[in-house]
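Below: the structure, in structure tokens.
Count residues from 1 along the sequence.
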Amino acid sequence: MTKYEVKEHLMKIYNLPVAKLNTQDYLGKRKRVVGKIRITYYKNADFKKAIMTFGPSQTDVGLGAQVGTMEEDNK
């Protein structure tokens, strides 16, 4: 998938404005298994990571919303 296809797909699924999208391609690790008769080599699958930056209309409500309730519980 290209960067533009990933951006369109994520905007369709999550219905959030994506301002910027960075992608990173990773090669799978190569492994060697030593057996009694022979040595076998294999490689894990390649994968791609996508790092999204949302538009300015999105604000973080995760940890910031919990800080106020924690302070009230201590009083």
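Cluster annotation: L27 is not connected to F47 through the hydrophobic network of ILVMFWY side chains, with a link wherever side-chain heavy atoms come within less than 4.5 Å. Residues V6 and I51 do not share a hydrophobic cluster, clusters being chains of Ile/Leu/Val/Met/Phe/Trp/Tyr side chains in contact below 4.5 Å.
Contact annotation: the side chain of K3 never approaches that of E5 to less than 4.5 Å [non-hydrogen atoms, C-beta and beyond].
The two residues M52 and V18 come nearest to each other via the heavy atoms SD-CG2, 4.3 Å. Pairing each heavy atom of M1 with each of K48, the nearest pair is O-NZ, 2.5 Å.
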Please table the atom pairs, donor to acceptor, closer than 3.5 Å between any side-chain atom in residues 32-44 and protein atoms at least two apart or in another chain.
| residue | atom | partner | partner atom | Å |
| --- | --- | --- | --- | --- |
| K43 | NZ | D46 | OD1 | 2.6 |

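Between the CG atom of L10 and the CG atom of N15 there is a distance of 12.0 Å, given to the nearest 0.5 Å. H9 contributes atom NE2, which lies 8.0 Å from atom OH of Y14 (distance to the nearest 0.5 angstrom).
Heavy-atom contacts from other residues, nucleotides or ligands closer than 6.0 Å to OH of Y4 number 12 or fewer.
For Y26, the side-chain hydrogen bond (donor to acceptor under 3.5 Å, both in side chains) test picks out Q24, with sequence neighbours left out.
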